[in-house]
Amino acid sequence: MRTPIIAGNWKMHKTVGEAVEVARKLDEQVADSPVEVVICAPFTSLSALSALGLKKVKLGAQNMYYADQGAFTGEISPAMLEDVGCEYVILGHSERREIFQESDELINKKVLKALETGLKPILCVGETLAQRKAEQTTDVVVAQTTQGLAGVSAKQIAHVVIAYEPIWAIGTGETSDGKDANQVITSIRQTLAELYGPELAEQVRIQYGGSVKPSNIAEFMEQTEIDGALVGGASLKVEDFVGIIRY
Ligand code: 13P
């Protein structure tokens, strides 16, 4: 049985004070939830959130660089993330791929380094609207999954979370329907089975992301292959995020 994982991606939102207030309330309200709950906050808030000693909610970052240290102005190392209490790190988010031109090759280097350091990557994959219309969805997500995981060992794969986020559904209010997302996620799991064998593929958690809200979370979570959600906008407000976690 895979433990569901609901992660909030706060993107470039919240000052330290705002982050602390939301995290504290969230931690109280989901204390008895059986699902794993993660907040991926901006770098600037991680240290303060870690100092809260949250009981239930785990911390994640939204990006990192793959070097240990050095002359990489503006970048953050995996060891720095561990130092401020992160267990997870989102890698290859479509906003990083599109706005900051991150390639599958770069994302793969980050995935390998995160795992080597002991961080659990949340590897994001997903197609654009044009790719969907051209019926390339499966090819795109399978290629992103395969390239993102190149060199990840059988021992490491269970520590990886994959997030399927169709780009046209991010922040648009449009969602993939549950069955459709389940089908794409099934093809991701088949790819994992080809790479690592069916038994290990069954252990990897695969989330859906893209306009997830309290009102539509059940549609995704009732699908056999969907193990959680990566939530943007609706993770910013305690009430909404709690509604999703209590699906
Ligand atoms: P929204 O939930 O705001 O659509 O964002 C999804 C997302 O990009 C999470 O990583």
Side-chain angles (χ1 to χ4, degrees), residues 4-14 18-19 22-23 26 35-43 45-46 57-64 81 86-102 107 110-111 114 119-129 131-132 137 140-141 144-145 148 160-178 180-181 184-185 188 205-221 223 226-247:
I5 174 167
I6 308 277
N9 174 8
W10 282 358
K11 308 191 179 183
M12 200 172 71
H13 292 283
K14 295 192 189 301
E18 290 163 350
V22 169
L26 179 70
V35 311
E36 196 171 347
V37 181
V38 184
I39 294 175
C40 299
F43 295 133
S45 296
L46 290 170
V57 176
K58 296 177 174 175
L59 290 184
Q62 301 169 17
N63 183 31
M64 51 162 249
L81 296 181
C86 285
E87 183 172 330
Y88 288 90
V89 58
I90 297 173
L91 295 174
H93 191 279
S94 58
E95 287 149 17
R96 301 289 324 167
R97 292 178 190 261
E98 288 198 332
I99 307 170
F100 302 100
Q101 257 101 71
E102 291 197 8
I107 294 159
K110 295 184 180 194
V111 167
L119 289 165
K120 296 172 184 159
I122 300 177
L123 171 64
C124 301
V125 299
E127 83 285 6
T128 63
L129 188 57
Q131 289 166 333
R132 166 154 291 240
T137 299
V140 169
V141 300
Q144 288 175 340
T145 304
V160 176
V161 175
I162 295 176
Y164 167 56
E165 298 203 308
I167 297 173
W168 47 272
I170 295 178
T172 57
E174 298 239 357
T175 52
S176 174
D177 82 51
D180 187 87
V184 179
I185 288 177
I188 296 173
R205 292 173 299 172
I206 309 180
Q207 300 172 307
Y208 168 77
S211 298
V212 172
K213 305 183 272 272
S215 60
N216 62 23
I217 180 73
E219 177 185 342
F220 296 103
M221 295 308 291
Q223 307 295 329
I226 303 183
D227 306 312
L230 184 56
V231 186
S235 72
L236 294 169
K237 279 199 202 137
V238 179
E239 198 186 311
D240 290 345
F241 200 34
V242 168
I244 290 170
I245 292 161
R246 294 207 181 130
Y247 67 90

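Atoms within each ligand, like the ligands themselves, are counted from 1 in listed order.
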Is it true that K11 lies under 4.0 Å from ligand 1, counting heavy atoms only? yes
Are G210 and ligand 1 in contact, using a heavy-atom cut-off of under 4.0 Å? yes
Could you state the interatomic distance from CD (Q223) to CD1 (I185), rounded to the nearest 0.5 Å? 9.0 Å
I167 vs L129, side-chain contact (heavy atoms from CB on, under 4.5 Å): CA-CA, chis, key distance, verdict: CA-CA 7 Å; I167 297 173; L129 188 57; over 6 Å; no
Counting heavy atoms under 4.0 Å, the part of N9 that contacts ligand 1 is side chain
Suppose I only count heavy atoms of A169 and a 4.0 Å limit; which atoms of ligand 1 are within that range? 4 (O)
Ligand 1 atoms in contact with S211 (distance to a heavy atom under 4.0 Å): 1 (P), 2 (O), 4 (O)
Backbone of I188 reached by a side-chain donor or acceptor of Y164 within 3.5 Å: no
Say whether, by atom type as modelled, one donor and one acceptor occur between the side chain of E102 and the main chain of R97 under 3.5 angstrom. no
To which protein heavy atom is atom 2 (O) of ligand 1 closest, and what is the distance rounded to 0.1 Å? G232 N, 2.9 Å
Nearest-contact summary for atom 3 (O) of ligand 1 - protein heavy atom, Å: G233 N, 2.8 Å
Test of understanding: given a 4.0 Å heavy-atom threshold, classify the contact between S94 and ligand 1 as side chain, backbone, both, or neither. neither
Please identify which atoms of ligand 1 are closer than 4.0 Å to at least one heavy atom of L230. 9 (C), 10 (O)
Just which atoms of ligand 1 are under 4.0 Å from any heavy atom in G171? 1 (P), 3 (O), 4 (O)
CD/E239: more than 12 non-hydrogen atoms of other groups inside 6.0 Å: no
So, R96 side chain and I90 main chain: donor-acceptor pair closer than 3.5 Å or not? no
Closest protein heavy atom (residue, atom, distance) for atom 7 (C) of ligand 1: E165 OE2, 3.2 Å
If you measure every N/O of A234 against every N/O of ligand 1, is any gap under 3.5 Å? no
Ligand 1 and T172, any nitrogen or oxygen pair closer than 3.5 angstrom? no
Okay, side chain of W10, backbone of P42: is any donor-acceptor separation there less than 3.5 Å? no
Rounded distance (nearest 0.5 Å) linking atom CD1 of I107 with atom NE2 of H93: 11.0 Å
Has the side chain of E127 got a donor or acceptor atom that lies under 3.5 Å from a matching backbone atom of R132? no
